[in-house]
Amino acid sequence: MNLAERLREALEAGHRRQPVLLPGDALELEEPGAEATPAAVLVPVVDRPDPSVILTLRPETMRKHPGQISFPGGRIDPDDDGPVAAALREAEEEIGLPPSSVDVIGLADRYRTVTGFEVTPVVGVVPPDLPIRPQPGEVAAVFEAPLHYLLDPDNHRIREAEWRGRLRTYYEIEWGERRIWGATAAMIVNLSRRLELAR
């Protein structure tokens with residue numbers, strides 16, 4: 001069984017279970033009662049002997065989430081045919097990943113961000129060593145982190161910080177010098193609980 005088949009089987013089996021998931025920050029939208037903006041991200045799993053995940057570092061000049069680590073992705077435009085199309089389009093725009101190179105595995109659990117986006121993670125498998133071309137205005141760096149490390153619950157740390165006058169808890173995953181936290185870490189935690197591959 002190849003990587004795509006294993007992930008597809010694990011995701012389909014995971015959707016038949018009821019793991020405890022992180023729902024997101026529905027109560028922290030900037031305007032009370034406002035509807036969340038639909039968005040999608042691609043979780044690009046690289047088909048290596050030790051599979052890895054492509055992640056991006058956002059420039060410090062970005063208005064939202066500057067300097068944070070994220071998956072390639074963004075809002076779902078009216079012309080997009082759903083979250084898969086949006087995630088593939090954004091990945092091509094941000095890091096030059098050709099949509100034809102992605103074997104789409106399926107959708108993971110939506111996550112509502114503190115900035116008012118409802119994000120659908122799209123899991124896909126890509127070949128190793130594709131030429132990556134980061135878009136400088138949106139991506140400061142691109143790197144890979146091991147899939148097994150990201151999904152291992154032992155690496156999911158709960159942190160606390162004060163935000164807008166209240167104490168908040170969030171997840172953080174440290175890999176080398178990289179600090180993955182916030183919505184990206186939460187989506188990884190949810191994917192880990194849904195797949196349970198690390199166990």
Side-chain angles (χ1 to χ4, degrees), residues 11 15 21-46 53-126 130 132-145 150 163-164 168 170-173 178-191 194:
L11 189 58
H15 282 307
L21 301 174
L22 307 176
D25 296 292
L27 300 179
E28 296 291 345
L29 296 175
E30 293 177 352
E31 296 181 14
E35 291 188 8
T37 302
V41 296
L42 182 66
V43 184
V45 181
V46 184
V53 177
I54 297 174
L55 291 157
T56 68
L57 176 67
R58 295 168 64 86
E60 294 289 349
T61 53
M62 296 287 282
R63 187 171 66 88
K64 291 188 176 182
H65 309 294
Q68 290 189 22
I69 290 169
S70 63
F71 296 114
R75 70 176 65 233
I76 299 176
D77 289 343
D79 293 338
D80 290 324
D81 186 17
V84 172
L88 294 177
R89 173 183 57 77
E90 288 280 352
E92 184 174 31
E93 292 175 0
E94 291 183 11
I95 62 174
L97 188 66
S100 60
S101 69
V102 182
D103 183 356
V104 175
I105 301 303
L107 305 181
D109 297 277
R110 287 193 299 267
Y111 185 83
R112 200 159 183 174
T113 72
V114 72
T115 48
F117 290 91
E118 188 166 56
V119 185
T120 300
V122 178
V123 182
V125 173
V126 300
L130 288 173
I132 298 296
R133 300 183 307 278
Q135 206 287 328
E138 297 186 68
V139 178
V142 179
F143 67 97
E144 295 180 24
L150 295 178
W163 189 77
R164 291 187 178 179
R168 293 174 48 84
Y170 61 93
Y171 274 87
E172 179 181 271
I173 303 168
R178 306 291 189 181
R179 176 176 174 256
I180 306 164
W181 65 283
T184 301
M187 285 185 275
I188 292 171
V189 169
N190 279 349
L191 188 61
R194 184 65 76 182

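Every heavy atom of this structure was used, including side-chain atoms; hydrogens, water molecules and symmetry mates were not.
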Checklist entry - So how far is it from Ile132 CD1 to Ile54 CD1, rounded to the nearest 0.5 Å? => result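 So the CD1 of Ile132 and the CD1 of Ile54 are separated by 4.5 Å.
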Least distance between heavy atoms, [X] atom then [Y] atom:
{"X": "Gly137", "Y": "Pro59", "answer": "O-CG, 3.9 Å"}
{"X": "Leu11", "Y": "Arg194", "answer": "CD1-CG, 4.2 Å"}
{"X": "Met187", "Y": "Val119", "answer": "SD-CG1, 3.9 Å"}
{"X": "Ala108", "Y": "Leu191", "answer": "CB-CD1, 4.0 Å"}

Next on the checklist: I'd like to know whether CZ of Arg133 has more than 12 heavy-atom contacts from other residues, nucleotides or ligands below 6.0 angstrom.
Outcome noted: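 Counting other residues, nucleotides and ligands, CZ of Arg133 stays at 12 neighbours or fewer.
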Next on the checklist: Take a 6.0 Å sphere around CZ of Arg89 and say whether it holds more than 12 heavy atoms from other residues, nucleotides or ligands.
Outcome noted: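 Yes, the 6.0 Å shell around CZ holds more than 12 heavy atoms from other groups.
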Next on the checklist: Which residues pass the side-chain hydrogen bond (donor to acceptor under 3.5 Å, both in side chains) test with Asn190, not counting sequence neighbours?
Outcome noted: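 Scan of Asn190 (side-chain hydrogen bond (donor to acceptor under 3.5 Å, both in side chains), adjacent residues dropped) gives none.
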Checklist entry - With sequence neighbours excluded, what pairs up with Thr120 under the side-chain hydrogen bond (donor to acceptor under 3.5 Å, both in side chains) test? => result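 Scan of Thr120 (side-chain hydrogen bond (donor to acceptor under 3.5 Å, both in side chains), adjacent residues dropped) gives none.
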Identify, with sequence neighbours excluded, every residue that meets side chain to side chain contact (heavy atoms under 4.5 Å, CB included) alongside [X].
{"X": "Glu92", "value": "Pro99"}
{"X": "Arg75", "value": "Thr37, Asp77, Phe117"}
{"X": "Glu94", "value": "Pro72, Glu90, Glu138, Val139"}
{"X": "Ala40", "value": "Ile76, Pro83, Ala86, Ala87"}

State, with a plain yes or no, whether a side-chain heavy atom of [X] is found less than 4.5 Å away from one of [Y].
{"X": "Ile180", "Y": "Leu150", "result": "yes"}
{"X": "Leu107", "Y": "Val122", "result": "yes"}
{"X": "Val53", "Y": "Phe71", "result": "yes"}

Checklist entry - So Tyr171 and Ile188, side chain to side chain contact (heavy atoms under 4.5 Å, CB included) or not? Walk me through it. => result CA-CA 10 Å; Tyr171 274 87; Ile188 292 171; over 6 Å; no
Item to check | Candidate list Ile173, Leu57, Leu55, test side chain to side chain contact (heavy atoms under 4.5 Å, CB included), partner Arg178, passing option | outcome: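 Of Ile173, Leu57, Leu55, side chain to side chain contact (heavy atoms under 4.5 Å, CB included) with Arg178 is met by Leu57 alone.
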Next on the checklist: Set out, in order, the CA-CA distance, both residues' side-chain angles and the distance that settles side chain to side chain contact (heavy atoms under 4.5 Å, CB included) for Thr184 and Gln68, then state yes or no.
Outcome noted: CA-CA 9 Å; Thr184 301; Gln68 290 189 22; 6.0 Å; no
Next on the checklist: Set out, in order, the CA-CA distance, both residues' side-chain angles and the distance that settles side chain to side chain contact (heavy atoms under 4.5 Å, CB included) for Leu97 and Leu42, then state yes or no.
Outcome noted: CA-CA 10 Å; Leu97 188 66; Leu42 182 66; 3.6 Å; yes
